[in-house]
Amino acid sequence: MALHIQMSEEAEKEYKRAKLRGMLSSFGASSALCLSFALTLTFTVIYFAQDPPAEFLAYVPPAEDLPPRAVPTTPQLSSKAATPSNTVAPSVIVSTGAAPVAMAQIDIPMEDSADDGLSIDIGIGLDTGLGDDLGDAGGGMGSSQPGGSALEGTFYDLKLSKNGAPTGIGPGTAGKIHKILSTHLKTWSKSTFARYYQSRAKLYASNWCLPSCNAAYAPYAYQCKDKCKPSAWVAVYRGKVKAPKSGKFRFVGTGDDFLAVRFGGKTVLEAGWAIPSLYDDKKPGECGTMGALATPHGAQYHKDIKAKKIRDKRDYEFIQPKETKKWNTELGGLTAGSHFTVKEGTTYPIEILISEIPGGAFGFALFIQDITEGTKGATLDIFRTNFSVPDMAEVQKMVKEAKCEMGEMQCPSFNGDSPIWVAVP
């Protein structure tokens, strides 16, 4: 027998209402969940799809990455090279990665493309070290502008201490001056003149030829004319030079009052009115005119030189160029000094000393001879460290501007293509 249970009408209505509430509640929860997911997905896509806002970042480099401070540029003297060359500065590209770097093509004009011309330029640049920056100035006592290839000159006033106080030395104490110079020639040490006044200005010379002027020109050139009187002074030019060729050489020159050259650590020339290395305390006055033919001891000195009786001057000779009539008459001409041998490209220390004792007339000239094949007929070359050559018209003009003119300047004839002994640091 089957049992049938039937809900009442009121219970059935309540059941349907409960069922409807459950369905609505489930639908609402599902809709809310879908909406939340959709919103979350939308915001996520928008956030990652958009670029971040641009920002300006100020970069302050550390000290070690800062560019170097500007350094004053040493002025360079222009040259008068016989064959100027065109120079092209290539761009430099640096890559930190392994990828290939493309460089723009550079067209270099080659006006003279002959093989001989190119080999000459390369030979000069690599073998001898000559270049367009050697300069062509520095005659007389030198230029106040450093640069090019030149020796640095320093001026000393023996009449004043390094603080500017009088030393008791002057034109009337020539014996003391000769003794100081004699002491210096033994070592060529800077300490010899350390106690005396030194000019603040330096001069840079590349050839040495100033045949005749007033001794006041030296203090004028060294910018100390208001402090230093034109007597009892010394100028020393120091540096290093590179031999332009291998062979045997000798310096030739003279000075009024005195010229000396030390090369490779040895005194190779001592010339002029004074010969300080022969200073004798018992005969202090004779040294000052030892080179003068008009005095008995001067005439004897010349005889001893010709007879090769002076031990460290046995190579010495006297040369009389036709242009230097005054020096020929008074000093026997130019003095040719000791022989020395050099090797091409080798660097040698050199010092050139010029001095005036009593004041008045002043002058000097310095040349060099290649005597590899003997002294007979050896060409008289100007000793120079750059492309400069003595220009008497220009020197006369400088002396005139300084109001130091004194007679005609007589410069011996010399080889216009004289070798260049390049000055090196």
Side-chain angles (χ1 to χ4, degrees), residues 174-188 192 208 211 234 248-341 351-358 361-371 374-378 380 383 412:
K176 292 182 179 180
I177 300 172
H178 299 149
K179 187 173 184 178
I180 293 171
L181 293 174
S182 174
T183 300
H184 179 72
L185 293 179
K186 294 176 182 178
T187 62
W188 287 78
T192 307
W208 290 261
V234 178
K248 183 182 291 186
F249 294 83
R250 66 179 180 182
F251 283 100
V252 179
T254 193
D256 181 3
D257 289 306
F258 180 55
L259 170 73
V261 179
R262 187 194 197 202
F263 186 89
K266 178 183 177 182
T267 301
V268 293
L269 179 65
E270 188 180 12
W273 291 87
I275 308 296
S277 66
L278 300 180
Y279 174 80
D280 187 345
D281 284 326
K282 298 178 180 179
K283 302 176 182 179
E286 292 187 2
C287 171
T289 52
M290 189 69 77
L293 287 173
T295 62
H297 52 270
Q300 184 61 50
Y301 170 75
H302 281 254
K303 290 180 181 179
D304 291 342
I305 288 293
K306 293 177 181 179
K308 304 186 180 301
K309 291 184 177 181
I310 303 178
R311 184 167 57 92
D312 60 347
K313 294 178 173 56
R314 287 174 182 165
D315 291 337
Y316 278 38
E317 294 183 83
F318 293 105
I319 299 175
Q320 296 186 333
K322 61 181 181 180
E323 298 87 354
T324 57
K325 296 179 181 178
K326 182 179 179 180
W327 282 342
N328 294 345
T329 301
E330 298 177 349
L331 302 174
L334 305 178
T335 301
S338 299
H339 304 175
F340 58 91
T341 302
E351 294 162 89
I352 300 171
L353 185 150
I354 300 164
S355 181
E356 174 61 34
I357 311 300
F362 160 65
F364 57 88
L366 181 62
F367 304 88
I368 193 168
Q369 285 184 319
D370 182 348
I371 56 172
T375 60
K376 186 177 181 179
L380 193 64
F383 178 70

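Any value given below was found using the heavy atoms of this structure, including those in side chains, with hydrogens, waters and symmetry copies removed. All values reported here derive from a predicted model rather than from experimental measurement. Throughout, numbering of the chain's residues begins at 1 and tracks the sequence.
- The heavy-atom pair separating Cys287 from Pro276 by the smallest distance is SG-CA, 3.3 Å.
- Side chain of Glu356 to backbone of Phe362: no donor-acceptor contact under 3.5 angstrom is found.
- In terms of modelled atom types and a separation under 3.5 Å, the side chain of His302 and the main chain of Gly291 share a donor-acceptor contact.
- The number of heavy-atom neighbours closer than 6.0 Å to NZ of Lys308, taken from other residues, nucleotides and ligands shown, is above 12.
- To the nearest 0.5 Å, the span separating CZ on Phe340 from CZ on Arg250 amounts to 11.0 Å.
- Judged by distance alone, the side chain of Asp257 and the main-chain N or O of Ala274 form no donor-acceptor pair under 3.5 Å.
- A side-chain donor-acceptor contact under 3.5 Å links Thr329 to the backbone of Lys325.
- Note: Lys283 NZ to His178 NE2 = 15.5 Å, rounded to the nearest 0.5 Å.
- Shortest non-hydrogen contact noted between Leu334 and Pro321 is CD1-CG, 3.7 Å.
- Contact annotation: the side chain of Ile357 never approaches that of Trp273 to less than 4.5 Å [non-hydrogen atoms, C-beta and beyond].
- Of all heavy-atom pairs between Leu185 and Ala260, the closest is CD2-CB, 4.2 Å.
- Residue Thr335 comes nearest to Leu269 through the heavy atom pair O-CD1, 3.5 Å, listed as atom of the first residue, atom of the second, then distance.
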Could you please spell out the steps behind the side chain to side chain contact (heavy atoms under 4.5 Å, CB included) verdict for Ile275 and Lys313? CA-CA 11 Å; Ile275 308 296; Lys313 294 178 173 56; 4.2 Å; yes
Does the side chain to side chain contact (heavy atoms under 4.5 Å, CB included) test come out yes or no for Leu181 and Ser355, once each step is laid out? CA-CA 9 Å; Leu181 293 174; Ser355 181; 4.0 Å; yes
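- Contact of the Ile319 side chain with the Gln369 side chain is registered, since non-hydrogen atoms from C-beta on lie closer than 4.5 Å.
- The two residues Ala365 and Leu259 have their closest heavy-atom pair at O-CD2, 3.4 Å.
- Between the side chain of Asp370 and the main chain of Ala378, no donor-acceptor pair closer than 3.5 Å is present.
- The ring of Phe318 has its center no closer than 6.0 angstrom to the ring center of Tyr316.
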Between Tyr279 and Thr183, is the side chain to side chain contact (heavy atoms under 4.5 Å, CB included) condition met? List the steps. CA-CA 9 Å; Tyr279 174 80; Thr183 300; over 6 Å; no
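- Residues Thr375 and His339 meet the side-chain proximity criterion, which asks for heavy atoms closer than 4.5 Å.
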